[in-house]
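Structure record follows, encoded as structure tokens.
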Amino acid sequence: MLSWLVDPWTWGAWMWRGMLSVTLVAVACAVLGVFLYLRRMSLVADALAHVALPGIVAAFLISGSLSAPVMLFGAALTGLLATVGIETLSRRPNIRPDAAIGIVFTAMFAAGVILLSTRVQDAHIDTHCLLFGDVLGVSDRSIWLLAFVTPLVLVLVAVFYRWLSASSFDPGFAKSLGIPVAAVHYGLMTAVSLTTVASFEAVGAILVIALIIVPAATAHRLSDRLHLMLAFAVAHGVVSATVGMYVAIWIDSSAAGAIVVTGGLIYAAVFLFGPRHGLVFSPGRHCGQGLGPEASSINALEG
Amino acid sequence: MSEAVLCVTDLTVYYGDELALDSVGFSLTGGKLIGVVGPNGAGKSTMIKAIVGSILPNRGKVEVFGSTAKRALRRITYVPQRGSVDWDFPVTVRDVVAQGRYAHLGLFRRFTTVDRDLVERSLELVGLVQLAERQIGELSGGQQQRVFLARALAQQGDIYLMDEPFAGVDAATESAIVEVLRSLRDEGKTVLVVHHDLSTLREYFEELVLINRKLIAHGPTDKVFTPDLLQRTYGGKLAVFSNKDTTLVSA
């Protein structure tokens, strides 16, 4: 009866490898995505995923190698460059921040496309794979990369949790405490760059953006506590990855596409029926807590 | 003269090419409630941010108890404007107040009983114990302002710099906040408050700092709260009606 669940695991190592890589991708993306979302920087993930391309190509041209460290280093470097570029532009009085993001990342991405089409035709850079991923044919290198990057991201977030949360909520106050807010920001951006590069082979440069944004957006509709939001985001990512993999296998579609569509459908369900701000019903606030905000303000004045 | 608690020298800030704060300097002693007064765009917030290290001044020096060391600067507690943060952020009232302890705990030290007691006591002082588990967006404006005050109290600094703590709060909250500020002053703390309501200046503050990009005047309220100096601070935007012993002003 459950053969449709179990069988794919017996068809070969690719199922295990695919599932392992998308899970690792989903976890790292979800955790970083929550902080990007809370900083209203979701679209910066889009930018960073795109500027990794010129980073990887440039690193290859300089070093002649496509080894994992070279790729990570190249992408981290162009990621930081793009972050600095976007901020420098945004700070000018007459430039809108959203336009700044669009200008910087498209220009850098286009430069990458030119380099790729003129200078490195002979290299083994598969543009299609880079953009759309190939979960079922994921390489050993990619799995090792993820096995390194995802735990690294989790450890860094755990270690710098106070700095991340305080500087995301109130950067001015965080600075007054001596928290290096700018360093935290660049650190987060670098982590996003590394994660997108590690995720390329599995889900591609375009759909990785969805795995960063959608889990966080879903989680915020489910909880108003940061640690729970992180847990819900990871759960959303892992569930979408798993369900998406099965869907892809049974309807023979692109795995990354199925994963992202599944994630989008979960978001839609939460949007409609979720406990916080759900459109159809929202029982939590009215029945569960008893007092609305108005009642509580009266309480406070009396207390 | 008692020892200077906070000494600001030649504080200058540019935003791009625009001069926001022009060589402001003053020195404050302990146990005082000090009002910062000036028109919109006078650089009041900029000055506070530069003093607490939230923005980097182009020039100038901030000394706390005679020291410019980073450690000393952390004895300054900053209460930002309420509008400067996203109140939809997924934290509870207690979480925000607990951030006041981060200055002492760094990244790794765990919250001890002492830290937790300070957080609870701060919540009590501002009357938010019952709302401690609420997400901060569920609070009214006045309650949110009290969350920021409680966070500052939990930090246990010696100098409090508050950016418009009375903006958009109701009368009950305003008097509750003033009560807390007075008790801080009575403990010997220095409390600097950006304030807009000229009608309560005399009642709240014993000292005033008048600024309009430059320092216009600094001194005891009796000496500085004069039609002449206010006129110079606000330029033509102020109507001053005065007779022998009262000064009525409206900005």
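Residue numbers begin at 1 in each chain, while the letters A, B, ... track the order of the sequences. The figures here come from the full heavy-atom set of this structure, side chains too, leaving out hydrogens, waters and symmetry mates.
Interface check for chain A: of the options B:L105, B:V126, B:L161, B:V129, the most heavy-atom pairs under 4.5 Å are formed by B:L105. Counting heavy-atom pairs under 4.5 Å between each of A:S223, A:P171, A:G178 and chain B puts A:G178 at the top. Ranked by heavy-atom pairs under 4.5 Å with chain A, the first of B:K49, B:R109, B:E124 is B:R109.
When heavy atoms are compared at a cutoff of 4.5 Å, B:V96 approaches chain A solely by way of its side chain, counted from C-beta outward. For chain B, no part of A:V34 is nearby; none of its heavy atoms comes within less than 4.5 Å. Residue B:I51 does not touch chain A at all, counting heavy-atom pairs closer than 4.5 Å. Contact of A:R91 with chain B is not made at all, since no heavy-atom distance falls under 4.5 Å.
Looking at A:H220, its side chain never comes within 3.5 Å of a backbone N or O of B:P90 through a donor-acceptor pair. A donor-acceptor pair under 3.5 Å is formed between the side chain of A:R162 and the backbone N or O of B:G106.
The line from OG of A:S165 to OH of B:Y102 is 4.5 Å long, rounded to the nearest 0.5 Å. Summarising the geometry, atom CG belonging to A:L177 is positioned 12.0 Å from atom CD1 belonging to B:I76; distances are rounded to the nearest 0.5 Å. A distance of 7.5 Å separates CG in B:D86 from CG in A:L38, rounded to the nearest 0.5 Å. Going from atom CZ of A:F160 over to atom CG of B:L107 covers 6.0 Å, rounded to the nearest 0.5 Å. Atoms CD and OG, from B:Q155 and A:S176 in turn, are 6.0 Å apart once rounded to the nearest 0.5 Å. B:F108 contributes atom CZ, which lies 15.0 Å from atom OH of A:Y161 (distance to the nearest 0.5 angstrom).
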A:K175 vs B:Y78, side chain to side chain contact (heavy atoms under 4.5 Å, CB included): CA-CA, chis, key distance, verdict:
CA-CA 10 Å; A:K175 267 192 195 167; B:Y78 174 41; over 6 Å; no
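B:V91 has its side chain out of reach of A:R225: every pair of non-hydrogen atoms, C-beta onward, lies at least 4.5 Å apart.
For residues 145-172 of chain B, the ring pair (Phe, Tyr, Trp, His ring centres under 6.0 Å) pairs, not counting sequence neighbours, are B:W87-B:F148, B:F166-B:H195, B:F166-B:Y204.
A pairwise comparison of heavy atoms in A:G172 and B:S54 identifies CA-OG, 3.4 Å as the closest pair.
Counted within 6.0 Å of CZ on A:F148, heavy atoms from surrounding residues, nucleotides or ligands total 12 or fewer; the atom is thus considered open. Residue B:R182 places its CZ atom among more than 12 non-hydrogen atoms of other residues, nucleotides or ligands, all under 6.0 Å distant. Annotation: A:F73, atom CZ; neighbour count of heavy atoms from other residues, nucleotides and ligands within 6.0 Å does not exceed 12.
Note: B:F89 and A:F169 meet the aromatic proximity criterion, with ring centroids under 6.0 Å apart.
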